[in-house]
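So the structure is just underneath, and the comments pick up after that.
In listed order, ligands and their atoms are each counted from 1.
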Amino acid sequence: MPGFELFDHQEKQQVAEVMDQGFTFRYNFDGLRNDVWKARELEQLICQRLPVKHAHLVSSGTAALSTALAAAGIGAGDEVIVPPFTFVASVEAIVLAGAVPVFAEIDDTLTLSAAGIEAAITPRTRAVNFVHMCGTGGDMDAVKAVCDRHNLVLLEDACQATGATYKGQALGTIGQVGTFSFDSVKTISCGEGGAVLTNDERIHQNAHQYSDHGHDHIGNDRGAEDHPIMGTNYRISEMNAAVGVAQWQKLDRILEIQRANKAALKDALAQYDEVTFRRLTDPDGDNAGFLSIFLPTPARAQEVVRQLGDAGIGGVFYWYANNWHYLKNWPHIHAMHSSARLPIDLIKDRPDYSEIALPQSDELISRTVSFLIQLSWDEAEIEKRLAAFHTIFH
Ligand SMILES: *Cc1c(COP(=O)(O)O)cnc(C)c1O
């Protein structure tokens, strides 16, 4: 997945342009910048490629989630359905918005199922934070239909799925609003950065205003601008955007390498009876940043992970025991521990997060092993993995 593996003179050149002729602030200062506008340039590249009407860059994927929620009108007391298998930012953004995360079941796509969403809906549900984990999504037609039927905002967290599509449509552009992350380990890296994607004018307007103290961004005198709403500072810097301009132009190459490397591993694993694969709802649209398999039992999955480690194979993830990506391993979320009182503490009948039962998700994730697909692998790196598979899998 990591685009940083392809950093070269092109990223350096882009950053140098900002330092040599431009200015580090993304708005205004027209006289200082010699017409260098890297954030605007990257936004245009994203819009053309996906396509989507609006891509608004912010300082991180997490900031993009907070901005997307605020821009879509999700706030105090609103319930937002979220999966237990995700990066913790998905939950943090909801809590910091003053909203209430409601966990629902995933299925063998490793993403929220339409049935899981439906079962978690209450009269207070306002949105679904659908996370396209590990490079691809789920049954998006069914998910969209449930959201539409119940009048819910579909927010797609495509932070791990840049470049992925579902039936030809870019992930992140199916719902009312979507997000990308461009942090250091994502498919495209700006160093730090993120984007809010939408075809909705009102959401776009709220997003650019919210992420820059409510500025309306009309004219070229920042001091004279109006502030239609309150906001905060989630701006990206021109230097981060510049890295992204170079990276974005490598997206096709990144996808091509990932898909070839993933296919080599997947073809080899297909011959073992005990290995089954994550269900892909659109195999051609997978960004191929990860390969995820199921083993028959949790014990066997743990044994395989140990054996792969012993064989010196890196980039192997057993999410069920890893404290980054699964609700079971987040005691601070169970207790809603923070440094200060949270809005959710004022909600009397909020869920007890230490008591969340998601047996179907547990059953799947406890048998799931994922391989990070790297861009830098040569033939020997792939051969090393196939040889290890040969001794480990039955
Ligand atoms: C990385 C990630 C984020 C957060 O992105 P940052 O840029 O690191 O803030 C959010 N959601 C998912 C699913 C992610 O993988």
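Checked by atom type and distance alone, the side chain of Glu192 never pairs as donor or acceptor with a backbone atom of Ser59 at under 3.5 Å. In terms of modelled atom types and a separation under 3.5 Å, the side chain of Asp282 and the main chain of Lys167 share a donor-acceptor contact.
Here the protein heavy atom with the shortest distance to atom 15 (O) of ligand 1 is Gln160 NE2, 2.8 Å. Protein heavy atom nearest atom 2 (C) of ligand 1, with residue, atom name and distance: Lys186 NZ, 3.0 Å. At the top of the distance list for atom 11 (N) of ligand 1, counting protein heavy atoms only, stands Asp157 OD2, 2.8 Å. In terms of protein heavy-atom proximity, atom 3 (C) of ligand 1 is closest to Phe87 CD2, 3.6 Å.
Residue contacts with ligand 1, taken as heavy atom pairs separated by less than 4.0 Å, involve Thr62 via backbone and side-chain atoms alike. Counting heavy atoms under 4.0 Å from ligand 1, residue Thr179 does not touch it at all. Looking at Ser60 against ligand 1, both its backbone and its side chain come within 4.0 Å, counting heavy atoms. Residue-level proximity to ligand 1 for Glu192 is absent, since no heavy atom of it falls below 4.0 angstrom.
Side-chain contact of Trp319 with Thr368: a donor-acceptor pair under 3.5 Å is absent, judged by distance alone. Neither side chain, Gln249 nor Gln10, offers a donor N or O lying under 3.5 Å from an acceptor on the other. Checking Glu105 against Ser361 by side-chain atom types alone, a donor-acceptor pair falls below 3.5 Å.
Within ligand 1, counting atoms from 1 as listed, the ones closer than 4.0 Å to a heavy atom of Cys159 are 2 (C), 3 (C), 10 (C), 11 (N), 12 (C), 14 (C). Close approach of ligand 1 to Val131 is summarised as follows: ligand atoms under 4.0 Å from at least one heavy atom of the residue are 13 (C).
Residue-to-ligand polar distances place Gly61 within reach of ligand 1: an N/O pair is separated by less than 3.5 Å. At least one N or O atom of Ser181, backbone or side chain, sits closer than 3.5 Å to an N or O atom of ligand 1.
Among the candidates Arg278, Lys262, Arg279, Lys266, the single residue satisfying the salt bridge (charged side-chain N to carboxylate O under 4.0 Å, His left out) test with Asp286 is Lys262. With Gln14 as reference, Lys38 is the one residue of His9, Lys38, Met239 to meet the side chain to side chain contact (heavy atoms under 4.5 Å, CB included) rule.
Within 6.0 Å of CD on Glu379 lie no more than 12 heavy atoms contributed by other residues, nucleotides or ligands.
By heavy-atom distance, the residue among Asp183, Val91, Val185 lying nearest atom 8 (O) of ligand 1 is Asp183.
Centroid-to-centroid, the aromatic rings of Phe87 and His325 come within less than 6.0 Å.
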